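Structure first, commentary second.
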Protein chains: 2
Amino acid sequence: MVGAFAVLGEANRLRILEHLRGAECSVGELVDRLGMSQPAVSKHLRVLREAGFVSSRIAAQQRIYRIEPEPFAELEHWLAQYRRLWDRHLDALERHLDNQE
Amino acid sequence: MVGAFAVLGEANRLRILEHLRGAECSVGELVDRLGMSQPAVSKHLRVLREAGFVSSRIAAQQRIYRIEPEPFAELEHWLAQYRRLWDRHLDALERHLDNQE
DNA sequence: CAGGCATATAACCGGGCAGGCATGTTAAGA
DNA sequence: TCTTAACATGCCTGCCCGGTTATATGCCTG
C-alpha cells in the first residue's frame, strides 16, 4: 500500500495519470504534452507499470499506455477504512449548518 | 494533491495513521507501540500535521494526536475522478462471472 | 525554584530517487 | 540491408528525505 502512495507522490507521474485518464496515449504524445524528456517519461511509465497503474500495448514502433483500474480499487479499499472519520466530519458539518439556519 | 500522496508514501507514517485510526494517542504511546525513536516519531507527526492529516492537543506534558478527516476527503475526491475506470472494470468482471454461470 | 518528564528541534549523515546524457533495441520503410 | 523512428535502459550526479545523536523547551512536582 505504501508503495502505491510513493508512486503517486510524484508530480509528473500524477500528470501522466491525468493525461491517461481521458484516453490511452503513446509515449511520444506524453513527451509532447508534458514537456519533459523522453527518458524521464519512460522511467515514470516504468514505475507506474510495475506498480500496476498502467499497462502498455505495442502498436508498430509505438507503445500505447493506458490506465489499469486495480490499484485505484485498492486505494478505494484502503480509504474506506478511514471513511467513517470524514463521514462523522460531514455529519458534524451538516449539524453545524443546520443549527445556523 | 501530490503532497498528500508523498506524505502517505512512507511506511512509518502509514503505521502512525493506522494507530491513530482507532483512538487518539500521545507521542510516547506511539513510540512504544511502533518501536521507533522519539525524534523519528515527532518528525513524522510534524509532517502529518503540516499536511493536515493529524492535529495535536496539549494535555499537561503530553501532546495528544488525532486524525483529521479533511485530507482523506480530498483523497476521496481525487479518487472519484478515476472511479469510472474501475466501475467499468467491476462491470466487466461481473459480466465475466455472469457468463461463467 | 530545582529537577525530571514528555516532546520538539537542530545538526549531521547516508541512501535513494528523479533528471540528463548517451546508448541499446526493435520495427518500419526505402 | 541501411536508415530512421520510437522507446527503453545504463550511468552519473545532485538533491531530498529519514534516521540518529544531542540539545532545547515547556510543564509538573516536590
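The sequence lines fix the lettering, A, B, ..., with proteins before strands; numbering per chain opens at 1. Bear in mind that the values here come from a model prediction, so they are computed numbers and not experimental data.
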Re C:dC13: Watson-Crick or G-U wobble partner, both distances kept under 3.5 Å, found to be D:dG18

Is there a residue in residues 42-64 of chain A whose heavy atoms reach under 4.0 Å of DNA chain D, and which residues are they?
A:S42, A:K43, A:R46, A:Q61, A:Q62, A:R63

Taking the minimum atom-to-atom distance to the side chain of B:M36, which one of D:dT9, C:dG19, D:dG19 wins?
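So the nucleotide nearest the side chain must be D:dG19.
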
Looking at side-chain heavy atoms only, is the closest gap between B:F53 and B:I16 below 4.5 Å?
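No; the side chains remain at least 4.5 Å from each other.
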
Is there a donor and acceptor pair, one atom on the side chain of B:Q38 and one on the base of C:dA8, closer than 3.5 Å?
yes

Using whole Å, report how far [atom1] of [X] lies from [atom2] of [N].
X     : N      : atom1 : atom2 : result
A:I16 : C:dA18 : CD1   : P     : 11 Å
A:L8  : C:dA18 : CG    : P     : 12 Å
A:F5  : D:dC17 : CZ    : P     : 18 Å
B:E10 : C:dG16 : CD    : P     : 13 Å

Tell me, please, which residues at least two apart from B:E10 pass side-chain hydrogen bond (donor to acceptor under 3.5 Å, both in side chains).
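With neighbours one apart ignored, the set is empty.
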
Among A:R49, A:H44, A:K43, exactly one meets side-chain contact (heavy atoms from CB on, under 4.5 Å) together with A:R46. Which residue is that?
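For A:R46, the side-chain contact (heavy atoms from CB on, under 4.5 Å) check succeeds only for A:R49.
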
Indicate whether OP1 or OP2 belonging to C:dA8 is found under 4.0 Å from a side-chain N or O atom of B:Y65.
yes

Is there a side-chain polar atom (N or O) of A:S37 under 4.0 Å from OP1 or OP2 of C:dG19?
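A:S37 to C:dG19 OP1/OP2: no side-chain N or O under 4.0 Å.
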
If I take atom CD from residue B:Q62 and atom SG from residue B:C25, how far apart are they, to the nearest 0.5 angstrom?
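It comes to 9.5 Å.
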
Describe, in one word, how the ring planes of B:F72 and A:Y82 are oriented to each other, choosing from parallel (under 30°), tilted (30 to 60°) and perpendicular (over 60°).
parallel

Among all residues two or more places apart in sequence or in another chain, which pass the side-chain contact (heavy atoms from CB on, under 4.5 Å) test with B:V47?
B:V7, B:R13

